[in-house]
Amino acid sequence: MAASSSIPKDHSAAIEHTDRGPLTADELAALIARDIPAGSYVNLGIGQPTRVADHLGPSSGVVLHTENGMLGMGPAAAGEQVDPDLINAGKLPVTELPGAAYFHHADSFAMMRGGHLDVCVLGAFQVSVTGDLANWHTGERDAIPAVGGAMDLAIGAKDVYVMMTLFTKDGAPKVVPACTYPLTGVRCVTRIYTDLAVLDVTPHGVVARQTFGASIAELQARLNITMDTP
Amino acid sequence: MAASSSIPKDHSAAIEHTDRGPLTADELAALIARDIPAGSYVNLGIGQPTRVADHLGPSSGVVLHTENGMLGMGPAAAGEQVDPDLINAGKLPVTELPGAAYFHHADSFAMMRGGHLDVCVLGAFQVSVTGDLANWHTGERDAIPAVGGAMDLAIGAKDVYVMMTLFTKDGAPKVVPACTYPLTGVRCVTRIYTDLAVLDVTPHGVVARQTFGASIAELQARLNITMDTP
Amino acid sequence: MSRALVLDTADEAVAGIEDGSTVLVGGFGLAGMPFDLIDALIRQGADDLTIVSNNAGNGTVGLAALLEAGRVRKVICSFPRQTDSYVFDGLYRAGKVALEVVPQGTLAERLRAAGAGIGAFFCPTGVGTPLAEGKETRVLGGRTFVLEYPISGDVALISAFKGDTLGNLVYRKTARNFGPVMATAARTVVAQVNEVVPAGSLDPEAVITPSIYVDRLVAVPARRYIVEGAR
Amino acid sequence: MSRALVLDTADEAVAGIEDGSTVLVGGFGLAGMPFDLIDALIRQGADDLTIVSNNAGNGTVGLAALLEAGRVRKVICSFPRQTDSYVFDGLYRAGKVALEVVPQGTLAERLRAAGAGIGAFFCPTGVGTPLAEGKETRVLGGRTFVLEYPISGDVALISAFKGDTLGNLVYRKTARNFGPVMATAARTVVAQVNEVVPAGSLDPEAVITPSIYVDRLVAVPARRYIVEGAR
């Protein structure tokens, strides 16, 4: 796995990192990559989660799944490597690693739905304290609904990590008592990675693993939820 | 398709062939082979139906399916050709024809159940006048039940042909008003090929296409069923 | 189905498609999209179509061109909204095309069910979301499932890499996507391929769509691909 | 599952299988039967097993040997009765082993359902027969279907042709049979192969069981096959 010098190595020793500001998207991606167990089979959602791949070196032994029918997906393709028949879920050209395998859509989603992926990392509009996920539809009336593989991923992977900012640009909390946006999946998120905190979703509620640039007390107040510590 | 000089070529002209004795198993196999449309995808059941393959030459364009995961099955293997990894549903060594394809069991039976096979030819203990099939279990108390792919084939193929003798060795009819043996499938048989007659199963009952060595009237009397003519 | 017909042109391959048909169209974005068959379908003129496909067209080519020609009554797909789905977006907002959104894996599984003779299945995807509203649910082993039904087509239009003269198909990389499952789910299956090879040329262990599923086959010139930006 | 472990011996490959486990065993007759893993399982000693396999053993090898060793409580299969299934026949008639007979395609589909996260499915096979007695039925589109549930295993023992160091598998001819679907349906999947090759040696288009499904891999010497007489 990629070493990332900017993030404390010892999780248990320091939960509240109030001395360091919010994590950048890249720092957050590195943190997620470090938490993914070696040899895991992982699906990275469209958008921000794709960045996690940049921090998963070959030594991690992590095998990437793309919903459109491939295990062993490599980095983005460039120049001569670009092959229109080899794209990721975001429809961008990618590469193939040794030991890759291709399969059709029914098999690809059977793999997801059957619980064979160890981890998926998804973006989100909102996550509830019980692990409900809202990431496919803002609920606006004139929006064209488009779900893609989001619902399949949400209920399929053994661990569903969300990667997002903890607040919207307008300052509204994205970890909420109950989602107000249309749901993608019910009680499916296991961990929430944000710029300000990493939270586990447990049967007893949300538990703070780490905070960055803010204390647990501050975040509880801003989010208006209670937060345990491990 | 194989030419068979011993069987009248013109079905419509002569339904009752009372001048010729019951068909041999080989003559019956040849008759079935001649009735299978060119280019059909066909599954031949264990036992007698396997003989039909001997009368389907390459020019027939018929492609044989075997339930254990193959299209394009060729004749029985002999000598050096024998490969323990290449067997038919009866677990006998077979060969592979150009254009063959292998697939796993779920795919093989999806092909059957999904109605993609044009014809299957099955043996039977009994067939009812409504097309119910009994071919997997004699109903004896101490018999070990074993169904294999019989039920899947019975309900899956577009046309289900039965190949059998019309009477048991003891003289009991095998085409019956209602099956007394446990069923394999309900209203699934479309045509019955026997040594004494070829019968279509229609919504209006059994219709004699041809008889051999017996008149329709004789057979109706022995079977105790009514039989239409086309 | 009997042995596939190898045809000379895409126009022959799509002949006879009727108004009001449900047409399964392979592809994920542009990969595996049967461009030549869609272009031929536009020329052929069938109207009032229901299209089942993962997306609802990109740019002005393929499905987007069919939509723009006004031939599509309804789209059943998982992800219509893309950066370059402006043709669909415009028609949808103008109320000129109906839309049924299905989670991608459920779409694939409903097509498989049609091909595999499954009457319906209990699926965990979408439970508790707007896409499961009004659907029958059942708790099995402590988990809630929603009952989903097969989707079959009158016709499937797919794109593969090579086909042999019997109709066996192989695909290339992620362009495989919906092709194999759609090939099982339609009454008439039409495949465009880069090359038709003699029966016996493809490795029987590597055939992805066995010939039984393919009715018509046509070789087309190298594909006029463009690579999109982000989804 | 994480990357497959390549082990040196079949004994290591079956280590830890517990009494009372449900074990999925690949093969159709002798083709694809994981002989070495079964022999190792006999040495390993797990007892009170439920075996899911197409047949119930041939002669005195493989599954028949496991049955003869008295380790099997129940067999779930489609076709126990064969010309050389005398070991099973004797145990069954003596009341020493339970039997659940499942139509072959339903067996395959129930295993697939377990692997694909499907909660249950409506199947047309067996309707109106003794094997559907007591099962829930439903009429869909004018046809009657019977509700069937997934079959999953604690362990799957399968045989493939080659495996790579990640766990990707390819099979050979009709020895493929139940291997790929069983590999999706068990918590721990153990594969014996004729050869383990480096990752990257197998054609990614021709991989049948992707590595995600395989937990343990062992290369075994060429198989001790015998070819049976008729079924």
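Just so we're on the same page: letters track the sequence lines, and every chain starts at 1.
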Heavy-atom contacts under 4.5 Å, residues 129-142 of chain D to chain C: D/Glu136, D/Arg138, D/Leu140
Cut-off 4.5 Å, heavy atoms of chain C, and the answer for D/Glu148 is neither
The single option from D/Lys173, D/Arg172, D/Arg176 passing salt bridge (charged side-chain N to carboxylate O under 4.0 Å, His left out) against C/Glu205: D/Arg176
Please list all pairs meeting ring-ring contact (aromatic ring centres under 6.0 Å, His included) that have one or both residues in residues 183-209 of chain D, counting only residues at least two apart or in different chains. none
Toward chain C: residues of residues 115-122 of chain D with heavy atoms under 4.5 Å: D/Gly117, D/Ile118, D/Gly119, D/Ala120, D/Phe121, D/Phe122
Are there residues of residues 18-27 of chain D whose heavy atoms fall under 4.5 Å of chain C's heavy atoms? If so, which? none
Which atoms of D/Tyr149 come close to chain C, meaning under 4.5 Å heavy atom to heavy atom: side chain ones, backbone ones, both, or neither? side chain
